[in-house]
Novice: 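My structure is below; once you've seen it, I'll send some questions.
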Amino acid sequence: MKKFAIRAMSISKSFGRLKALNNVDFELEQGEILCLAGENGCGKSMLIKVINGVYAPEQGAEFQFGEDEPITSISPAKAKSKGIHVIWQDLSLFPDLSVGENITYDEFIAHPFTLKKPEKALERATKTLHELGVDLNLNERLGNLSIAQRQLVAICRVLQADASIIFMDEPTASLTRIETDNLLSIIRRLSKKGISIVFVSHRLSEALDVCSRVMVLRDGKFVGVFSTKGMTQKKLSKLMTGQDIEEQQRNISKFGDIVLELKELSKDGQFEDISLALRSGEILGLTGLLGSGRTELSLAIYGMTKPDKGSMYIDGNELSFRNAGDAIKQGIAYVSEDRLNLGLHQTQSIVKNTGITTLAGLSSPSFYLNPRSIWQLCEYWIKCLKTKVSDPSLPVNSLSGGNQQRIVLAKWLATNPKILILDSPTVGVDVGAKSEIFKIIRDLADKGMAIILISDEANEIYTHTDRMCVMREGKIVHEVRPKDILEEELERMVNA
């Protein structure tokens, strides 16, 4: 007989006229790895916050932990006492504290007297690390660690706090394939120990691989719970969106002139002897594992770093950029992988984020900004990119991941670039929004823009590019076209 870790029944939550959750039922078995799936804005985060006690549900809700008597409300303290912990996408760690201090932080808050004897807490932290098969120095400053290592610290912290139910929000969004496989292995290990995991991810292949069941929400409503056995990404995408999501390769056989050419471009320790040409209207895919040099190469093209040797040509003219400003003047735009920290000013308005790259052109002759021009620019790109915005004066962090990515695109498209570099443009974006973003990218290429698409997702590169370059240890080791190989072959090339 199956043992349930938690049941949350008849969960509803409204904010004014917005029905964030509408009579949702949630059940999690002991030791289960459950995928919580749905598009951005479907209610996933809201459901987690209700179960975690952050928001109180409307009347009629009921919670039950194991064989305990049902209760009608739950507080954050109550949730924690029942072993419920959430690892959000930003991890909520302290970069200036040590690994050990981050792992034991909750324990010190709950039991301040242990501050007098921190050795015991650190001993437990060491034991937790060993149980997970993780080798980290407890004295190392957290800020010096990679994202993958910080993810492990976050897991150790909740285990140190005796977690029995862990919600993981986009745990693999910023990880490479090897790092992801390692994390999924650890999640399976936790499951075997009886810890229940709720896995939230837009990477559907990973969710189907590691989870036994998937619960789908759509527009705040419960769609159903389905076994992952026999489930495909296409079926799951339709359950999430209510429509078929088709991914089609571009059918363009003729491109324009060469707009970007690299000849033996090198930077010590980052990339070596890179030679390639990019034509107008072409989408060039750049892929490889973390450390392969793909992002480092794009930053050199964009003028953020200076190559040690080699040449770069724009429209046949050899150029050397002193900084990114020079690159922008030559028609190069760069969309960073780190949308939250580098792509947008999260607390600033949508309209300010959209206009920030074109302030000089939007100024009056007396160098005063023209608010009306900035507003019109924002409204124009919101319409062009079909961005869902209720009020452009709201902060950009009020938008979903997919709509935030549209604003990042808008601010760079406003510069009218001839070359657009996109570094992992769909990180943290749901399947429906991904499809729409790739349609935007295809439309831009159809109009003559030259695009470099960087991703570690083989399916994205294979499906949405015209030519693919695989990088390893700073070198281009393969250059192929999707029509000449199978997607599985590309996967093997990347992971060789």
Novice: Give a yes-or-no answer on whether the side chains of S311 and E264 include a donor-acceptor pair shorter than 3.5 Å.
Specialist: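 Not at all, the side chains of S311 and E264 share no donor-acceptor pair under 3.5 Å.
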Novice: Report yes if the side chains of V198 and I166 come closer than 4.5 Å at any heavy-atom pair, otherwise no.
Specialist: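 Not in contact.
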Novice: Can you confirm whether the side chains of S320 and K306 place a donor and an acceptor under 3.5 Å from each other?
Specialist: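 Yes, K306 and S320 have a side-chain donor paired with an acceptor closer than 3.5 Å.
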Novice: By ring-ring contact (aromatic ring centres under 6.0 Å, His included), which residues pair with Y334, not counting sequence neighbours?
Specialist: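 Y334 satisfies ring-ring contact (aromatic ring centres under 6.0 Å, His included) with Y302 once adjacent residues are dropped.
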Novice: Check K386 with E436, please: is the shortest side-chain N to carboxylate O separation under 4.0 Å?
Specialist: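 A salt bridge is absent here (no side-chain N lies under 4.0 Å from a carboxylate O).
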Novice: Below 4.0 angstrom, N of the basic side chain to O of the carboxylate: do D443 and K439 qualify?
Specialist: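 Result for this pair is yes, salt bridge flagged.
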Novice: Which is it for L319 and Q330 under the side chain to side chain contact (heavy atoms under 4.5 Å, CB included) test, yes or no, and what are the steps along the way?
Specialist: CA-CA 9 Å; L319 297 172; Q330 292 298 324; 3.6 Å; yes
Novice: Could you check if a side-chain atom of V200 sits within less than 4.5 angstrom of a side-chain atom of Q89, using non-hydrogen atoms only?
Specialist: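 Not touching, per the 4.5 Å side-chain cut-off.
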Novice: Please find the pair of heavy atoms, one from E479 and one from C469, that lie closest to each other, and give the distance.
Specialist: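 In this case the closest contact between E479 and C469 is CG-SG, 3.9 Å.
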Novice: First locate atom OG of S349, then atom CG of N397, and finally report the distance between them rounded to the nearest 0.5 Å.
Specialist: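 S349 OG to N397 CG: 11.0 Å, rounded to 0.5 Å.
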Novice: Using 4.0 Å as the upper bound for N to carboxylate O, is an ion pair formed by D315 and K418?
Specialist: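 Yes, this pair counts.
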Novice: Are more than 12 heavy atoms, taken from residues, nucleotides or ligands other than K19, located less than 6.0 Å from that residue's NZ atom?
Specialist: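 Yes - once you tally the heavy atoms of other residues, nucleotides and ligands closer than 6.0 Å, there are more than 12.
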Novice: Could you check E140 against Q149 for side-chain hydrogen bond (donor to acceptor under 3.5 Å, both in side chains), going step by step and ending with a plain yes or no?
Specialist: CA-CA 11 Å; E140 181 73 37; Q149 290 172 319; over 6 Å; no
Novice: To the nearest 0.5 Å, what is the distance between OG1 (T463) and CD (E457)?
Specialist: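 One gets 10.5 Å once the value is rounded to the nearest 0.5 Å.
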Novice: Evaluate D273 against K309 for side chain to side chain contact (heavy atoms under 4.5 Å, CB included), listing each step before the verdict.
Specialist: CA-CA 9 Å; D273 293 331; K309 64 176 182 177; 4.2 Å; yes
Novice: Locate the shortest heavy-atom distance separating V259 from A450; write the atom from each residue and the value.
Specialist: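 Scanning both residues, the minimum pair turns out to be CG2-CB, 3.5 Å.
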Novice: Would E296 and K267 pass as an ion pair if we require N to O under 4.0 Å?
Specialist: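 Here E296 does not pair with K267 in a salt bridge, since their nearest N and O are not under 4.0 Å apart.
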Novice: What is the distance from atom CZ of F321 to atom CG of N323, rounded to the nearest 0.5 Å?
Specialist: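 F321 atom CZ to N323 atom CG measures 10.0 Å (nearest 0.5 Å).
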Novice: Answer yes or no: is there an ion pair linking R141 with D96, defined by an N-O contact shorter than 4.0 Å?
Specialist: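 A salt bridge links R141 with D96.
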Novice: Measuring only between side-chain heavy atoms, which start at C-beta, is F226 closer than 4.5 Å to V216?
Specialist: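 F226 vs V216: side chains touch.
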Novice: Inspect the contact between E39 and R218 and indicate whether a charged nitrogen and a carboxylate oxygen are less than 4.0 angstrom apart.
Specialist: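 Result for this pair is no, no salt bridge flagged.
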Novice: Evaluate the side-chain proximity of P482 to M468: yes if any heavy-atom separation is below 4.5 Å, no if none is.
Specialist: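 They are in side-chain contact.
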Novice: Would you please test D268 and S266 for side-chain hydrogen bond (donor to acceptor under 3.5 Å, both in side chains) and show each step?
Specialist: CA-CA 7 Å; D268 187 42; S266 300; over 6 Å; no
Novice: Which heavy atom in H464 sits nearest to a heavy atom in I283, and how many Å separate them?
Specialist: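 Here H464 and I283 meet closest at O-CG2, 3.5 Å.
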Novice: For the residue pair Q233 and L208, establish whether any side-chain heavy-atom pair is separated by less than 4.5 Å.
Specialist: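 Q233 vs L208: side chains touch.
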Novice: Atom CG of L217 and atom CE of M215: how far apart are they, to the nearest 0.5 Å?
Specialist: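 It is 4.5 Å, given to the nearest 0.5 Å.
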Novice: Taking atom types as modelled and ignoring hydrogens, do the side chains of T180 and N182 form a donor-acceptor contact shorter than 3.5 angstrom?
Specialist: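 On atom types as modelled, these side chains do not qualify, holding no pair under 3.5 Å.
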Novice: Can you tell if the side chain of L47 reaches within under 4.5 Å of the side chain of L21, non-hydrogen atoms only?
Specialist: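 A side-chain contact under 4.5 Å exists here.
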Novice: Does CE in M231 sit with more than 12 non-hydrogen atoms of other residues, nucleotides or ligands closer than 6.0 Å?
Specialist: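 Atom CE in M231 is packed in, count exceeds 12.
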Novice: Distance to the ring centre below 6.0 angstrom and angle to the axis at most 45 degrees; does that hold for K49 and W88?
Specialist: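 Yes; both conditions hold, so K49 lies above the ring face of W88.
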Novice: Please lay out, stage by stage, how E272 and L265 fare under the test side chain to side chain contact (heavy atoms under 4.5 Å, CB included).
Specialist: CA-CA 6 Å; E272 182 180 355; L265 208 67; over 6 Å; no
Novice: Does S205 have any side chain to side chain donor-acceptor pair (under 3.5 Å) partners at least two apart in sequence or in another chain, and if so, which?
Specialist: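 So S205 forms no side chain to side chain donor-acceptor pair (under 3.5 Å) with any residue.
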Novice: Looking at side-chain heavy atoms only, is the closest gap between L183 and I155 below 4.5 Å?
Specialist: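 L183 vs I155: side chains touch.
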Novice: Do N353 and K411 pass the side chain to side chain contact (heavy atoms under 4.5 Å, CB included) test, and can you show the C-alpha distance, the side-chain angles, and the key distance before you say yes or no?
Specialist: CA-CA 7 Å; N353 272 279; K411 82 173 190 179; 5.6 Å; no
Novice: Measuring only between side-chain heavy atoms, which start at C-beta, is L91 closer than 4.5 Å to R157?
Specialist: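 L91 does not reach R157 side chain to side chain.
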Novice: For P417 and A333, work out which heavy atoms get closest and say how close.
Specialist: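 Minimum heavy-atom separation between P417 and A333: CB-CB, 3.8 Å.
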Novice: Between the side chains of R188 and D209, is the shortest nitrogen-to-carboxylate-oxygen separation below 4.0 Å, so that they form an ion pair?
Specialist: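 Looking at R188 together with D209, the answer is yes, because their closest N to O distance falls below 4.0 Å.
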Novice: Between S336 and D423, do the side chains contain an N or O donor and an N or O acceptor separated by less than 3.5 Å?
Specialist: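 No donor-acceptor contact under 3.5 Å links the two side chains.
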Novice: If the plane angle is over 60° it's perpendicular, under 30° parallel, otherwise tilted; pick one for Y55 and F15.
Specialist: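 Perpendicular: the ring planes of Y55 and F15 meet at over 60°.
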